[in-house]
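I have placed the structure first, in the form of structure tokens, so that the comments after it can refer back to it.
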Amino acid sequence: MNDTLEIGGRRLKSRFFLGTGRYPNPFVQNEAIRISKSEVLTFAIRRVNLEAPREDAVLQHVNAEDFVFLPNTSGAKNADEAVRIARLAKASGLSNWIKVEISVNANTLLPDPVETLKATEKLAKEGFVVLPYTSDDPVLCKRLEEVGAAAVMPGAAPIGTGLGILNPYNLSLIIEEAGVPVIVDAGIGTASDVVQAMELGADGILLNTAVAKARNPVKMAEGMKYAIDAGRSAYLSGRIPKKRYATASSETEKFLMQR
Amino acid sequence: MNDTLEIGGRRLKSRFFLGTGRYPNPFVQNEAIRISKSEVLTFAIRRVNLEAPREDAVLQHVNAEDFVFLPNTSGAKNADEAVRIARLAKASGLSNWIKVEISVNANTLLPDPVETLKATEKLAKEGFVVLPYTSDDPVLCKRLEEVGAAAVMPGAAPIGTGLGILNPYNLSLIIEEAGVPVIVDAGIGTASDVVQAMELGADGILLNTAVAKARNPVKMAEGMKYAIDAGRSAYLSGRIPKKRYATASSETEKFLMQR
Amino acid sequence: MNDTLEIGGRRLKSRFFLGTGRYPNPFVQNEAIRISKSEVLTFAIRRVNLEAPREDAVLQHVNAEDFVFLPNTSGAKNADEAVRIARLAKASGLSNWIKVEISVNANTLLPDPVETLKATEKLAKEGFVVLPYTSDDPVLCKRLEEVGAAAVMPGAAPIGTGLGILNPYNLSLIIEEAGVPVIVDAGIGTASDVVQAMELGADGILLNTAVAKARNPVKMAEGMKYAIDAGRSAYLSGRIPKKRYATASSETEKFLMQR
Amino acid sequence: MNDTLEIGGRRLKSRFFLGTGRYPNPFVQNEAIRISKSEVLTFAIRRVNLEAPREDAVLQHVNAEDFVFLPNTSGAKNADEAVRIARLAKASGLSNWIKVEISVNANTLLPDPVETLKATEKLAKEGFVVLPYTSDDPVLCKRLEEVGAAAVMPGAAPIGTGLGILNPYNLSLIIEEAGVPVIVDAGIGTASDVVQAMELGADGILLNTAVAKARNPVKMAEGMKYAIDAGRSAYLSGRIPKKRYATASSETEKFLMQR
Amino acid sequence: MRLEINGKPEETLAATLAELVGNYGLEKELVVVEVNGKIVDREKWKGFELENGMKIEIVHFVGGG
Amino acid sequence: MRLEINGKPEETLAATLAELVGNYGLEKELVVVEVNGKIVDREKWKGFELENGMKIEIVHFVGGG
Amino acid sequence: MRLEINGKPEETLAATLAELVGNYGLEKELVVVEVNGKIVDREKWKGFELENGMKIEIVHFVGGG
Amino acid sequence: MRLEINGKPEETLAATLAELVGNYGLEKELVVVEVNGKIVDREKWKGFELENGMKIEIVHFVGGG
């Protein structure tokens with residue numbers, strides 16, 4: 001079937017967005033990327049280390065043609081800093097997509113609603129394809145859409161916690177009201193979290209730590225890919241309703257003991 | 001990889017056991033079976049309808065060589081009735097596997113612990129490969145193993161309710177202590193339930209209604225197959241620990257704004 | 001013990017804030033208020049019905065001296081409307097407390113983060129004791145505190161849904177970081193929701209529908225009062241840790257059967 | 001109101017059954033008992049320590065007239081041992097009540113369903129008031145009632161774990177079908193667990209560790225007493241239904257901004 | 001004289017705010033009055049003369065959460 | 001001859017189990033037959049003579065979970 | 001005389017159960033006594049003569065949940 | 001000449017941005033350069049003359065989520 005996802009005019013076959021941080025080594029990272037079948041990869045922008053200028057330029061390990069690059073604004077503490085990072089990312093010529101990520105709290109790295117809204121509006125006006133990382137506040141998500149977000153990316157839980165979908169109800173409200181794709185970003189711990197999000201109707205999942213820091217990142221990447229397919233299939237298939245009482249699955253007539 | 005499951009001396013590639021009840025029609029059923037890649041199919045034993053003797057003989061629709069048949073004792077209200085049904089099933093020459101299913105409560109169809117234990121012991125002694133459908137009582141599951149069960153099949157929730165894993169803790173205890181495979185049977189509603197069970201370390205899943213009564217049974221069967229793979233992969237990959245506080249996935253040095 | 005709560009310089013013995021809407025009749029409302037031992041009551045501001053000017057002036061039923069009045073800005077769709085309503089409430093001379101409540105979505109009545117922040121800042125500057133009804137976004141709650149909120153009131157769930165604490169994790173983060181009292185407002189359904197919030201360290205609970213629309217509002221008000229005490233006591237008593245394995249509560253020596 | 005509980009012909013005002021193990025000292029224990037207003041206290045039977053025969057005879061600390069004593073059969077590994085302990089307890093002349101507690105698994109201390117059923121039947125026939133500690137298997141609980149249990153005591157979670165109600169659904173089924181009182185026994189961690197059980201319709205709660213090992217046992221005992229009252233009141237008051245969408249608690253007419 | 005009171009056009013013979021409020025029997029009630037978006041304190045009602053077309057809001061407390 | 005088949009009284013002219021099963025067109029079907037609570041294997045059907053009042057069960061596999 | 005008391009071998013000069021219990025200072029305590037698996041009621045202690053090798057259990061209530 | 005590069009003071013003999021980037025061996029790398037808060041496109045590096053005290057940022061893509 002051609003159940004594709006479209007963001008910023010780009011048609012995607014995979015609903016799995018993968019981060020590129022924290023892998024044990026580039027080989028494992030590339031294997032994980034390959035098996036994940038992801039088409040969208042996230043990155044960060046940092047100063048070149050002038051003592052070793054050629055090091056950890058992550059892009060030397062991935063084939064640029066095959067992917068959509070989604071740089072993030074991590075490190076930004078307000079809208080202006082996020083805009084500055086976004087422009088640098090775009091100037092690379094690699095991508096006009098940007099993940100707005102603005103955080104002031106080092107404990108939680110949770111996004112600042114007001115600054116995220118400001119940066120999203122400004123960057124959308126400048127022609128970026130903006131995917132803001134946001135809290136799961138349904139009103140805020142709607143506001144982000146109204147100011148031009150190409151997709152909204154509510155967090156399941158704080159970055160790297162692996163706590164899974166803390167508030168499935170809010171997520172379902174966001175999906176219900178959204179006019180743009182909803183990508184669940186951050187806080188995913190394992191495959192069942194991904195399936196739950198997809199069953200709620202999420203359009204895609206962005207995760208990084210859950211794969212990169214698993215004991216076996218490549219196998220977990222494969223599991224996550226299956227999880228996306230499982231959740232999407234279940235969402236499209238129309239699950240059975242939950243009922244309080246049982247209904248036999250075996251035939252309920254012609255019992256041997258019937259009199 | 002050859003991550004196989006062995007029950008009663010039989011090596012299985014698929015961990016997905018599928019029921020054959022309640023499908024809209026034989027064609028949909030066979031398509032669902034095909035796409036599920038299941039190797040174990042459950043059936044019930046009933047009197048032939050003498051007014052229409054050739055009807056609903058389910059086996060005319062499936063190719064016997066390709067599957068392990070797991071007849072159930074549904075309709076039995078005590079151990080003796082279950083044993084009687086099991087012997088009839090075996091006499092067909094199709095299979096010496098039997099799913100012990102003994103229920104007295106029409107509301108919940110929950111298994112009777114005492115009668116299930118009796119029937120399992122008797123049938124195991126007679127050389128059956130016995131897979132009892134049981135409550136998620138860890139002590140009872142251990143007892144069933146001790147009297148000869150080839151696998152134990154604790155229910156996630158009552159049959160046909162789609163309530164999912166009501167007690168993940170008990171299920172994890174059962175798995176932890178089991179010396180035989182643990183197949184989660186009954187109560188599954190959707191793909192995330194399957195993934196959750198597999199992530200807890202279940203060896204397989206037996207379900208029927210969740211596929212047969214989904215709006216699109218064939219697509220749901222596919223989703224369930226992916227769910228088994230997703231959950232198994234995640235279980236084998238070693239998920240990240242849950243943490244209360246965040247950890248950045250992007251590099252935490254060389255920030256643009258650093259002074 | 002004198003475990004009191006202080007807000008806006010006012011010391012409160014009760015941590016139970018009660019709403020005055022939707023009771024079957026004034027008598028039941030007053031009985032519920034009396035048994036709840038609440039000291040803070042919420043109200044709304046509306047136009048007098050000029051066809052029947054004396055009707056439903058709720059205050060004719062309560063003794064003004066005994067309570068702190070907490071008028072809300074319900075009906076406001078932005079910060080300016082909220083400020084206007086707040087000033088009218090204050091002009092009554094009854095109270096300088098105000099519950100900022102700004103909503104644009106009729107389905108969810110969820111608070112608008114940006115407008116709520118604006119109104120809170122403006123009203124705090126004008127000398128109001130401001131208690132904003134907010135989403136459970138920890139960053140937003142901190143921002144509200146920074147602009148002068150006397151307490152923050154994150155919602156457990158949307159108003160009147162009775163869904164309980166949708167995100168206990170966020171609530172616990174808010175409490176952990178708060179420098180002002182945290183009052184859980186809206187979405188409470190029953191006593192266990194109240195206890196859960198108080199066990200997480202909430203300083204108080206504001207609810208209305210859960211009491212007013214219960215089958216027996218007066219008895220439910222009593223139950224909620226007990227729930228506040230139960231949750232507060234448990235919070236102060238230091239609960240036992242959760243453990244995976246059992247520990248005997250009976251003596252573990254001198255068993256009769258020991259050899 | 002006279003909302004009393006009757007077990008074995010005895011009318012109880014309190015629905016809180018308290019254990020007597022693991023307190024820091026007898027003084028704290030007695031304070032906890034006093035403030036809990038419990039009328040039923042559990043004990044264990046052990047060999048007298050002949051090196052110090054007078055020690056830890058718990059009864060020297062409590063006034064026998066004020067309570068119903070509920071000795072348990074802890075230490076028993078099968079029905080015969082439980083019966084033997086029960087007879088010794090009864091021979092003390094203090095009580096003909098007995099808590100059947102039979103466990104073979106030292107990790108979980110979970111009750112053995114088959115032996116518990118046997119012991120309950122035998123002791124009921126001998127005229128004991130039998131309260132079996134059982135798993136939350138609804139079929140087993142019904143069986144225990146049928147063989148003469150005066151009340152059934154399903155565990156919330158394994159003894160001393162503080163995990164709370166692991167399976168609220170099963171508990172609600174047990175309550176729905178029970179013809180005798182249902183006392184939730186074991187696994188309670190804090191006040192909200194108690195309220196949840198009572199809201200589900202449990203007739204009472206038996207706990208020990210959650211109070212005895214709390215940082216402040218006396219205050220926790222008080223919290224648990226409030227929790228019983230809170231949960232019972234909520235259960236009797238008819239909680240509001242859960243709804244997906246919001247309903248205003250403030251008046252929905254005569255808004256200031258209406259045109 | 002023609003006023004807009006609580007969002008509705010109304011005819012009144014009242015010359016002052018005090019008279020207007022009195023006509024509704026609200027002089028002793030706990031109501032708050034706003035004229036053209038500005039609150040007029042109770043003590044000023046007597047001296048406050050009404051003019052044609054004024055937008056007047058008369059509000060009070062009702063049940064709310 | 002009068003038999004009880006699958007819980008219902010039935011009249012039959014069949015002399016053997018094989019004939020009886022044949023009358024229902026089930027000789028080639030995957031059915032199992034029980035007579036008075038004892039299973040009779042397929043190869044024994046021909047030689048198995050029916051007697052008045054026998055309780056016979058003819059069962060097969062149907063859909064189940 | 002040699003007895004097994006609470007699972008341990010013990011030497012005693014006591015002739016009756018009453019004397020034995022008394023030797024431990026337990027005569028007034030709320031204890032229950034079992035001899036060779038049978039409970040012996042308090043009133044029978046005096047008349048109950050001990051014999052070599054008897055298995056005796058002396059139990060009481062302790063804290064429990 | 002004295003510059004601030006990536007937040008640190010640096011001495012350089014480079015006259016143009018192209019030379020400066022070249023000195024780090026980054027001319028072929030996917031880096032982006034900002035001078036005094038303004039991005040300078042790659043094609044302009046050659047003609048871009050450095051001046052004392054300029055604040056220069058040289059950034060690239062690294063792993064991130």
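Remember, predicted model here, so these are calculated numbers, not experimental data. These numbers come from the heavy atoms of this one structure, side chains and all, not from hydrogens, waters or symmetry mates. Here is the naming used below: chain letters follow the sequence lines, and residue numbers restart at 1 for every chain.
B:Pro158 touches chain D through its side chain: at least one heavy atom from C-beta onward sits under 4.5 Å away, while N, CA, C and O do not.
The candidate from D:Asp136, D:Asp112, D:Asn170, D:Leu163 with the greatest count of non-hydrogen atom pairs under 4.5 Å with chain B is D:Asp112.
Going from atom CG of B:Leu173 over to atom CG of D:Asn107 covers 8.5 Å, rounded to the nearest 0.5 Å. To the nearest 0.5 angstrom, B:Asn167 atom CG is 13.5 Å from D:Tyr169 atom OH.
Using a 4.5 Å heavy-atom cutoff, the side chains of D:Val139 and B:Pro113 are in contact. Inter-residue side-chain proximity for B:Thr108 and D:Glu177 is flagged as met; some heavy-atom pair is nearer than 4.5 Å.
A 6.0 Å sphere centred on CZ of D:Phe16 holds more than 12 heavy atoms belonging to other residues, nucleotides or ligands.
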